[in-house]
There are 2 protein chains.
Amino acid sequence: MCGRPRRVTATDVAKATGVSRATVGFVLNNTPGQSITAATRAKVLAAAERLGYTPYAPARALRSGRTSIVVMLLSQLPGGPVVNAVTEHLTALLAEDGLTLLVHMHPGRDEPVSALWGVVTPAAVIAFDRAWDEELAPLRRAGIPVVTPFVDPPDDLDGAVPVMMQRIGRLQVDHLVLAGHTRLGFALPDDPRLAPMAGDRLEGARFACAELGLDLPQVATVPLEVAAAAEAVAGWRAGPAPVTAVCAYNDEVAIAVLSGAHRLGVAVPGELAVIGVDDVPLAAAVSPPLTTIATHPATLSRYLYEALAAALADGPVPHRPATEMLAVTVRGSV
Amino acid sequence: MCGRPRRVTATDVAKATGVSRATVGFVLNNTPGQSITAATRAKVLAAAERLGYTPYAPARALRSGRTSIVVMLLSQLPGGPVVNAVTEHLTALLAEDGLTLLVHMHPGRDEPVSALWGVVTPAAVIAFDRAWDEELAPLRRAGIPVVTPFVDPPDDLDGAVPVMMQRIGRLQVDHLVLAGHTRLGFALPDDPRLAPMAGDRLEGARFACAELGLDLPQVATVPLEVAAAAEAVAGWRAGPAPVTAVCAYNDEVAIAVLSGAHRLGVAVPGELAVIGVDDVPLAAAVSPPLTTIATHPATLSRYLYEALAAALADGPVPHRPATEMLAVTVRGSV
DNA sequence: TTACCTTACTAGCACGTGCTAGTACTAGCA
DNA sequence: TGCTAGTACTAGCACGTGCTAGTAAGGTAA
């Protein structure tokens, strides 16, 4: 019959109630400074309920000039469990402020920002890729705050993710050295998309070794495949002064190292200690259970939330030392 | 100085060019049936570029009555690598049609739809939780197509995800039986949020066993923790007729089973075969490498894309047999 | 009675866009 | 010369909302 069911507008509610559209608006928005009879208020609310009225988001945004949408821009790099947890926490935190988090995974090639920006008009943006900093300039120019945790803020280095990444590498080294190890290895992931983050973590490990007067860590790429991982382990164990402990880029890589060691009959942690990053659920389920750096997504999310809230209120970015977000989860692999 | 930098509108471009706003619209939208001088067109485009004009999404949506946004509604259950891959693929597929995929992870408690719906007004919605089917009724009433792959469509059972889940369980059993096993176990995940999907997979496995004349699989919950997993394995191995092969809910649980077996000295696959689901990157990196059911995210994504495209065009839902999306990846654990 | 205040509303503008209806001007043809 | 057809535009409506300015009715005070 009717090709497309027309949507219910405030005018429809007004007609059904017998009042003006303005009154409907006042009732539904609880506009302060307006005196509305209890009877009228009840009638309007009943009609709105009955007709199934929902304010039309674009019209509201057009009129008010802002939306309650926060867009989180992710690049292709596979957001592991940590990113998922952060998304979940941040969604809940923003929801308390009436903000809705929408995640957009950007497909490569063509430019993202201009396209996305012509489609959503968010109240704020969190961009998780340092390559986009320049592309987001138009957004900033239009007054939309952009939080880029992967780009160093000049005055608060502790809040930046690269610094946190370096601190992760440093923590790994500290923990291994505390356990008595002096000849360390570093296990890089195979996926080239992870190279930037891996580089930061390795940098932190290198720096820590240098500071402690140790040799720089012996670097190897460890694919997620038993035979290849075993090869890497063999490389570390070869020579007159073999590596006795390995910092893995993350728990996945760490588990691969574990498997490689198992295949070669190298005892963990007896002959080779392994420490991961992320504290993935599986970390407790492998044998031996994996000692790892937990990133505490809740704290990271709260930091992002506060940075976002500050940006929306034109306030200063909050100071949140990276150390609060990181903790060694000691299990059995070191 | 200026509190908030006013955004550049088509009127600004018109003023800068010296033409009317209508002309600007015709040029920027390439409106057919309009004759615009090459000179005017060039002037308008130059001014738009120079001023950094971007059409304002809410105004456009208000006028045209539709957006190019597709919202993917996820529930809290941790979207593992499969969901991530689907998101990535689907984003790319929709981008080819000029559609933007935005993912919203719904935080529990309060109702999602009415809130979200008052914020974005998408062109279509994919909802990944069967509980939302009723809540999405207002959307359908407003003419917004809603694809719910987790709810059985009455006429095309093969496209529904529950059926696919059951088929997964069935495939696991088939593969184990083909390898000579007759006494099977089923490893459930610990996370209660996964219960619905786990139930479907178990159902499929049960059905397959019944069809093949075998005893129903011996069910155990396997937490992601070595000791607990070992306990489950011990349970399977106890008694006069021990289980010789286990279908795990997914690869994570399967790896936990592997670890439990390893701790007890139970040889895999010699004494106990294990088959997972998902073909997670780690599956190839554990020892022994995990035989698993790969879900082929690309095919699943294309099915979702086609269902979406059909819904947007008021066409019929495409038929896509679940078997195309599933394949056994044979490694070493069976 | 008139001026003034409060209550309970209503009329209608503005947001920026897409697009229809209209207009001035020129060219072609009888 | 008059009439039509086409070109190259412009004026302005409509989308649904938030909100300001206005207005009628009723009560109080001088």
Side-chain angles (χ1 to χ4, degrees), chain A residues 4-45 47-48 51-68 98 117-121 123 142-143, chain B residues 4-45 47-48 51-68 117-121 142-143:
Chain A
R4 192 147 299 187
R6 277 254 299 102
R7 56 173 302 127
V8 181
T9 72
T11 309
D12 297 331
V13 177
K15 275 191 198 135
T17 321
V19 298
S20 74
R21 204 189 52 70
T23 305
V24 172
F26 294 147
V27 169
L28 295 177
N29 297 324
N30 276 322
T31 312
Q34 294 292 335
S35 47
I36 309 281
T37 327
T40 307
R41 162 167 264 110
K43 271 198 298 180
V44 169
L45 290 174
L51 297 177
Y53 169 73
T54 321
Y56 188 46
R60 188 184 272 229
L62 174 59
R63 164 66 222 203
S64 66
R66 61 208 146 84
T67 61
S68 55
W117 161 234
V119 167
V120 277
T121 323
Chain B
R4 191 147 298 184
R6 275 256 298 103
R7 55 174 301 126
V8 181
T9 72
T11 310
D12 297 330
V13 176
K15 274 191 198 134
T17 322
V19 297
S20 74
R21 207 191 48 74
T23 306
V24 172
F26 294 147
V27 168
L28 295 178
N29 297 323
N30 275 322
T31 313
Q34 294 291 337
S35 46
I36 308 282
T37 328
T40 307
R41 162 167 263 111
K43 269 198 298 181
V44 169
L45 290 174
L51 297 177
Y53 169 73
T54 321
Y56 187 46
R60 188 185 272 229
L62 174 60
R63 163 66 221 201
S64 66
R66 61 206 150 84
T67 61
S68 55
W117 162 232
V119 168
V120 278
T121 322

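Hydrogens, waters and symmetry mates play no part in the numbers below; they use all other heavy atoms, side chains included. Below, chain A is the first sequence line, B the second, and so on; all start at residue 1.
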Hey, does B:Ser64 reach any base, or is it just sugar-phosphate, or nothing, if we go heavy atoms under 4.0 Å? nothing
So B:Ala10, base contact, sugar-phosphate only, or nothing? Heavy-atom distance under 4.0 Å. sugar-phosphate
Rounded distance in Å - [atom1] ([X]) to [atom2] ([N]):
X	N	atom1	atom2	value
B:Lys15	D:dA11	NZ	C1'	16 Å
A:Arg60	C:dT17	CZ	P	21 Å
B:Phe26	D:dG12	CZ	P	15 Å
B:Arg7	C:dA14	CZ	C1'	16 Å
A:Ile36	C:dT7	CD1	C1'	10 Å
A:Leu62	D:dC15	CG	P	14 Å
A:Gln34	D:dG18	CD	C1'	11 Å
A:Leu28	D:dC19	CG	C1'	14 Å

So, is [X] near the phosphate of [N], with a side-chain N or O under 4.0 Å from OP1 or OP2?
X	N	answer
B:Ser35	D:dT7	no
A:Thr40	C:dC9	yes
A:Tyr56	D:dG18	no

Does any non-hydrogen side-chain atom of [Y] lie less than 4.5 Å from one of [X]?
X	Y	value
B:Arg60	A:Val119	no
B:Thr9	B:Tyr56	no
B:Arg41	B:Asn30	yes
A:Leu28	A:Tyr53	yes

Looking only at heavy atoms, what is the nearest atom pair of B:Ala61 and B:Thr67, with distance?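 It is CB-CG2, 3.6 Å.
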Note: B:Leu51 and B:Val8 closest approach over all heavy atoms is O-CG2, 3.5 Å
Side chain of [X] only, please: which of [options] is the nearest?
X	options	answer
B:Ala22	D:dA11, C:dT10, C:dT7	D:dA11
A:Arg21	D:dC19, C:dC9, D:dA8	D:dC19
B:Thr23	C:dC15, D:dC9, C:dC9	D:dC9
B:Arg63	D:dG16, D:dC15, C:dT7	D:dC15

Distance (rounded to the nearest 0.5 Å) between B:Arg21 CZ and B:Asp12 CG: 11.0 Å
Dot-bracket for DNA chain C: what is it, with Watson-Crick or G-U pairs under 3.5 Å, [ ] where a pair crosses earlier ones, and | for a pair to another strand? ||||||||||||||||||||||||||||||
